Amino acid sequence: MRIDILTLFPGMFTSPFSESIIKRAREKGLVELNTIDIRDYAPKPHRQVDDYPFGGGVGMVMKPDVIGRALAAARGPQTRVVYMSPQGRVLNHAKAKELSGCDHLLILCGHYEGIDDRVLAMVDEEISIGDYVLTGGELAAMVLVDAAVRFLPGVLGDIESAYDESFARGLLEYPHYTRPRECDGMEVPEILLSGHHENIRIWRKKQSLLNTLLKRPELLLQHDFDDEEKRLLMEILFQRE
Ligand code: 21W
């Protein structure tokens, strides 16, 4: 997979993409990551990338002609163009997975107060990372890249990818414990020490449901319950064992 990021601040991406799992994925050739400086497509001598808003108002607006040239130069025959925007659909597991299937992803980051609205006609979709205001699209693009790259085959080890089925299943994870058995007076649940794998599996499934009910109840509304989950949820709700 190739990912190109169009930004006025390519330097922001240097260390996040040179550490840990993303670094390893690049070294293995699983993803090719490039940043493209939008300013390279602004005409000399001033290299102006933004201008005053028509109709007046505060702040500057990024110029559509400059962005258009940068997009055109980076676009290939199979390119998916995403614009990071607070007005986009909010990123989730399914969208990250979908984008990880693209051959070529081109991500546009805005900065300053915004971008000329005609740029929307040049992109496939707008994606937000949540309902809060950032200073630009760069951090959001890093979040999207991180979430997508970890879906690429070979990026995560066998163990790490086995953990992954939590959001895929639409529930939160069950709680994890390691040594010591007692920490600050808090014990590891007895069942995890029992060696009874089937009971542990069921306990974890129930904890996963309980966790979701308590922390993210809205996830349950969309969840497709299997029979065992229905039974365990009944046990939780009606205190039956
Ligand atoms: C913040 C851009 C506010 C536009 C004209 C004058 C990308 C983001 C961003 C930003 C405005 C994402 C205006 C969650 C985010 C991003 C920078 C609005 C008003 N127009 N996901 N003033 N939150 N943010 N401009 O902020 O680019 S994805």
Side-chain angles (χ1 to χ4, degrees), residues 1-17 19 21-22 31 33-42 46-75 79-102 104-152 167 215-216 218-219 222:
M1 180 188 200
R2 191 171 120 215
I3 305 176
D4 291 318
I5 298 167
L6 283 177
T7 172
L8 287 172
F9 303 99
M12 284 181 73
F13 294 86
T14 311
S15 64
F17 289 170
E19 301 278 358
I21 290 176
I22 305 293
V31 63
L33 279 166
N34 298 299
T35 52
I36 298 167
D37 192 338
I38 294 171
R39 202 171 291 277
D40 291 346
Y41 295 88
H46 301 294
R47 297 230 175 260
Q48 185 184 353
V49 294
D50 57 2
D51 209 336
Y52 298 98
F54 277 122
V58 289
M60 302 292 269
V61 178
M62 286 173 70
K63 288 165 64 57
D65 49 340
V66 175
I67 291 171
R69 276 195 295 276
L71 285 171
R75 208 188 273 271
T79 304
R80 177 83 165 261
V81 184
V82 168
Y83 166 40
M84 302 315 298
S85 155
Q87 298 185 19
R89 294 268 300 272
V90 177
L91 180 66
N92 60 17
H93 179 94
K95 178 58 75 177
K97 191 169 188 171
E98 178 194 332
L99 294 177
S100 76
C102 295
H104 183 208
L105 190 59
L106 181 52
I107 304 175
L108 171 64
C109 304
H111 221 94
Y112 302 117
E113 291 303 319
I115 215 158
D116 185 299
D117 220 63
R118 289 167 289 186
V119 168
L120 293 185
M122 307 172 189
V123 306
D124 295 313
E125 65 184 311
E126 292 177 87
I127 296 181
S128 162
I129 60 163
D131 294 336
Y132 39 81
V133 182
L134 302 170
T135 57
E138 283 77 12
L139 281 164
M142 291 173 212
V143 169
L144 174 59
V145 168
D146 193 86
V149 166
R150 62 188 293 290
F151 281 112
L152 296 175
F167 268 111
K215 297 180 181 176
R216 296 287 307 276
E218 77 280 12
L219 292 179
Q222 332 215 11

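Note that ligands are numbered from 1 as they come in the structure, with each ligand's atoms numbered from 1 the same way. Values in this document were obtained by computation on a predicted structure and should not be read as measured data.
One finds the CG atom of L134 at 11.0 Å from the OG atom of S85 (value rounded to the nearest 0.5 Å). Note that CE of M60 and NE2 of H111 are 13.5 Å apart. Values are rounded to the nearest 0.5 Å. For the atom pair CG (D4) and CG (L106), the distance works out to 6.0 Å, reported to the nearest 0.5 Å.
Near V133, with a cut-off below 4.0 Å to any heavy atom, the atoms of ligand 1 are 1 (C), 3 (C), 26 (O). Below 4.0 Å from some heavy atom of Y132 lie the following atoms of ligand 1, by number and element: 14 (C), 15 (C), 23 (N), 26 (O). Interface of I127 with ligand 1, defined as ligand atoms under 4.0 Å from a residue heavy atom, comprises 28 (S). If you number the atoms of ligand 1 from 1 as listed, the ones under 4.0 Å from a heavy atom of A140 come out as 28 (S).
Of the residues L108, V123, I129, T7, the one that meets the side-chain contact (heavy atoms from CB on, under 4.5 Å) test with M84 is I129.
Contact record, C109 with A141: SG-CB, 3.7 Å, taken as the closest heavy-atom pair. Across all non-hydrogen atoms, the minimal contact from D40 to R47 is O-NH1, 3.6 Å.
For the residues G88, G137, C109, S85, the heavy atom positioned nearest atom 27 (O) of ligand 1 is part of G137.
Taking a 4.0 Å cut-off on heavy atoms, G136 registers as neighbouring ligand 1. Judged by the shortest distance from any of its heavy atoms, D131 lies outside the 4.0 Å radius around the atoms of ligand 1. G130 counts as a contact of ligand 1, since one of its heavy atoms falls under 4.0 Å from the ligand.
Between R39 and D37 there is no salt bridge, since no side-chain nitrogen of the basic residue lies less than 4.0 Å from a carboxylate oxygen of the acidic one.
Residue contacts with ligand 1: I129 is placed with a nitrogen or oxygen under 3.5 Å of a nitrogen or oxygen of the ligand (distance criterion only). Any N or O atom pair closer than 3.5 Å counts here, and L134 shares at least one such pair with ligand 1. Backbone and side-chain nitrogen or oxygen atoms of S128 are examined, and one is located within less than 3.5 angstrom of a nitrogen or oxygen of ligand 1.
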Residues H93, F151; criterion side chain to side chain contact (heavy atoms under 4.5 Å, CB included); working and verdict: CA-CA 10 Å; H93 179 94; F151 281 112; 3.5 Å; yes
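Proximity of P86 to ligand 1, defined as any heavy-atom pair under 4.0 Å, is shared by backbone and side chain alike.
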